[in-house]
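Data block below; observations after.
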Amino acid sequence: MWKPTTTDTRLRLSDEEFACLATLVRRRTGIEVNPAKRQLFCSRLAGRLRALGFTSFDQYRQVLMERPGGEFTRLIDAITTNPTNFFRENDQFEYLGRQLLPAILGNSRGPRCLRIWSAGCATGEEAYAIAMVAAERIQHLRGWEVSILATDLDPALLRQAEQGIYDVDRLRAIVPERLQRWFRSGEGARGRFTVSSELQDMITFRPMNLLEEWSAVPRFQVIFCRNVVIYFDKSTQRDIIERFADHLDQDGHLFLGHAESLYQVSERFQPVGRTVFRKHR
């Protein structure tokens, strides 16, 4: 069993320790830790080791193996940096609001339910931005229901997302009209804002590892999975994108991050915008 020891500021990550940690991350999450990022990996985890009073990465690996708990989540947080500002890569939200949603709302022949999945939602900014765009487009239509599923590997991030409370600095990309309509000020402390209950009611937050079973996941017209698959190897990317296609309606749309691509990953989609893809088979 591991035991915390006096902190050593001269932490070193051996080849064997790096290989063991990288394998552990890959097996549990599918995230590929590129050897070229070894130094970054080391520097980001060093703070965790010092906080725990460890003198080696092998001690940390033993904790992850024997009783991972929340520590494994902290590991993933340390090695994946995803800014989660509202309306990040805004051209995609413009496409959603101005082109895609009008087409979906105008051509629906079945139940009037708009189903969208935000996969890898982190602290919820993406899901709430989707909800704003959808609510603004659907407000004058009767009988429509908006259902947004927002999932993430990290339960701690999901708890923040469910609260819907954000510092003013996180809201700078939101135009004043939206800020006034969809947020309440003065929550808990000065300079903090709470998302309106109308938007919160549209979203279901759920913990989910994309490598695990998807049997409870329904079908959608739209899936956002931005700046997530970039961390996986090609084989895992193919598997996840294939399953996204299976969970999209015909002509459903998949939104990826601007740094991501379906090249040599899937032929089931065709591009219709900047890293926006329509399922065609």
Side-chain angles (χ1 to χ4, degrees), residues 1-86 88-89 119-126 151-163 165-167 169-170 172 189 207-212 225-237 240 257-260:
M1 295 292 291
W2 64 272
K3 293 182 180 180
T5 59
T6 304
T7 300
D8 181 356
T9 59
R10 297 170 297 176
L11 292 168
R12 296 291 183 269
L13 180 62
S14 70
D15 293 343
E16 182 180 1
E17 290 167 344
F18 174 75
C20 287
L21 288 170
T23 299
L24 182 63
V25 169
R26 184 174 61 253
R27 287 177 177 174
R28 293 190 182 177
T29 69
I31 295 173
E32 190 73 19
V33 183
N34 191 313
K37 295 183 178 180
R38 172 175 166 170
Q39 186 57 45
L40 180 64
F41 184 90
C42 177
S43 63
R44 288 186 174 177
L45 289 180
R48 284 304 304 156
L49 271 67
R50 294 187 179 106
L52 294 168
F54 294 162
T55 58
S56 75
F57 281 90
D58 188 61
Q59 291 173 301
Y60 190 62
R61 179 189 63 81
Q62 290 180 51
V63 171
L64 296 171
M65 294 292 293
E66 295 175 9
R67 50 174 197 168
E71 192 55 47
F72 190 78
T73 297
R74 294 186 181 95
L75 166 64
I76 300 306
D77 287 345
I79 64 175
T80 57
T81 303
N82 275 327
T84 55
N85 298 328
F86 283 90
R88 182 188 180 197
E89 298 173 348
C121 68
T123 48
E125 288 91 337
E126 177 182 88
T151 64
D152 199 89
L153 180 68
D154 188 342
L157 296 183
L158 289 173
R159 287 193 291 271
Q160 294 181 49
E162 285 184 306
Q163 291 176 352
I165 301 174
Y166 299 95
D167 293 334
D169 289 344
R170 305 283 286 277
R172 296 194 183 282
M208 181 177 178
N209 185 334
L210 291 176
L211 296 190
E212 296 176 353
C225 186
R226 304 188 306 162
N227 307 299
V228 174
V229 298
I230 194 173
Y231 291 105
F232 301 141
D233 60 27
K234 282 293 184 182
S235 176
T236 305
Q237 289 180 15
I240 290 175
H258 283 174
E260 296 170 317

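This structure is a prediction, so every number in the text was calculated from the model and none was measured. Along the sequence shown, residues carry numbers from 1.
For the atom pair SG (C42) and CG (L49), the distance works out to 8.5 Å, reported to the nearest 0.5 Å. Of the inter-residue distances, the one linking Q237 atom CD with Y231 atom OH reads 12.5 Å to the nearest 0.5 angstrom. Distance check: Y60 OH to L24 CG gives 9.5 Å after rounding to the nearest 0.5 Å.
In this structure, the side chains of F232 and E32 stay at 4.5 Å or more apart for every pair of heavy atoms. No side-chain heavy atom of L52 sits under 4.5 Å from any side-chain heavy atom of V63. For the pair L21/V33, no side-chain contact is recorded, criterion being any heavy-atom separation below 4.5 Å from C-beta on. At least one side-chain heavy atom of D15 sits less than 4.5 Å from a side-chain heavy atom of R38.
In terms of the salt bridge (charged side-chain N to carboxylate O under 4.0 Å, His left out) criterion, R159 has no residue partners (sequence neighbours excluded). Shown here are the side chain to side chain contact (heavy atoms under 4.5 Å, CB included) partners of T23, two or more places apart in sequence or in another chain: R26, R27. Looking at residues two or more places apart in sequence or on another chain, you find a side chain to side chain contact (heavy atoms under 4.5 Å, CB included) between Q163 and I165. Listed by chain and residue number, R61 satisfy the salt bridge (charged side-chain N to carboxylate O under 4.0 Å, His left out) test with D58 (two or more places apart in sequence, or in another chain). Listed by chain and number, the residues in a side chain to side chain contact (heavy atoms under 4.5 Å, CB included) with S235 are D233 (sequence neighbours excluded). Under the rule for a ring-ring contact (aromatic ring centres under 6.0 Å, His included), F57 has no partner lying at least two apart in sequence or in another chain. Annotation: side chain to side chain contact (heavy atoms under 4.5 Å, CB included) contacts of L211 (sequence neighbours excluded): N209, T236, I240. Applying the side chain to side chain donor-acceptor pair (under 3.5 Å) rule to E17 yields the partners S14; only residues at least two apart in sequence or on another chain are considered. With sequence neighbours excluded, no residue forms a salt bridge (charged side-chain N to carboxylate O under 4.0 Å, His left out) with E260.
Shortest non-hydrogen contact noted between C121 and D152 is N-OD1, 3.4 Å. Closest non-hydrogen pair, L210 versus A119, comes out as CD2-CB, 4.5 Å. Between A161 and A122, the shortest heavy-atom distance links the atoms CB-O, 4.0 Å. When all heavy atoms are compared, the tightest approach of R170 to N85 is NE-OD1, 4.5 Å. Residues C225 and V229 approach most closely at SG-CG1, 4.2 Å, considering heavy atoms. Scanning all heavy atoms of the two residues, the minimum distance from G120 to V228 falls at CA-CG2, 4.1 Å.
Sorted by first and then second residue, the ring-ring contact (aromatic ring centres under 6.0 Å, His included) pairs involving residues 21-40 (not counting sequence neighbours) form an empty list.
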- Task: Before giving the answer on side-chain contact (heavy atoms from CB on, under 4.5 Å), spell out for R88 and N227 the whole-Å C-alpha distance, their side-chain angles and the decisive distance to 0.1 Å.
- Result: CA-CA 11 Å; R88 182 188 180 197; N227 307 299; 3.2 Å; yes
- Query: Are F86 and R172 close enough, and set up right, to give a side-chain contact (heavy atoms from CB on, under 4.5 Å), and what steps lead you there?
  - Reply: CA-CA 8 Å; F86 283 90; R172 296 194 183 282; over 6 Å; no
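Looking only at atom types and distance, the side chain of Q59 has a donor-acceptor partner in the side chain of T55 under 3.5 Å away.
A salt bridge links E89 to R226: at least one charged side-chain nitrogen sits closer than 4.0 Å to a carboxylate oxygen.
Judged purely by atom type and a 3.5 angstrom limit, R48 has no side-chain atom pairing as donor or acceptor with the backbone of E71. Looking only at distances, no side-chain donor or acceptor of Q160 sits under 3.5 Å from a matching main-chain atom of T123.
Relative to the ring axis of F72, R28 places its NZ or CZ within 45° and under 6.0 Å from the centre.
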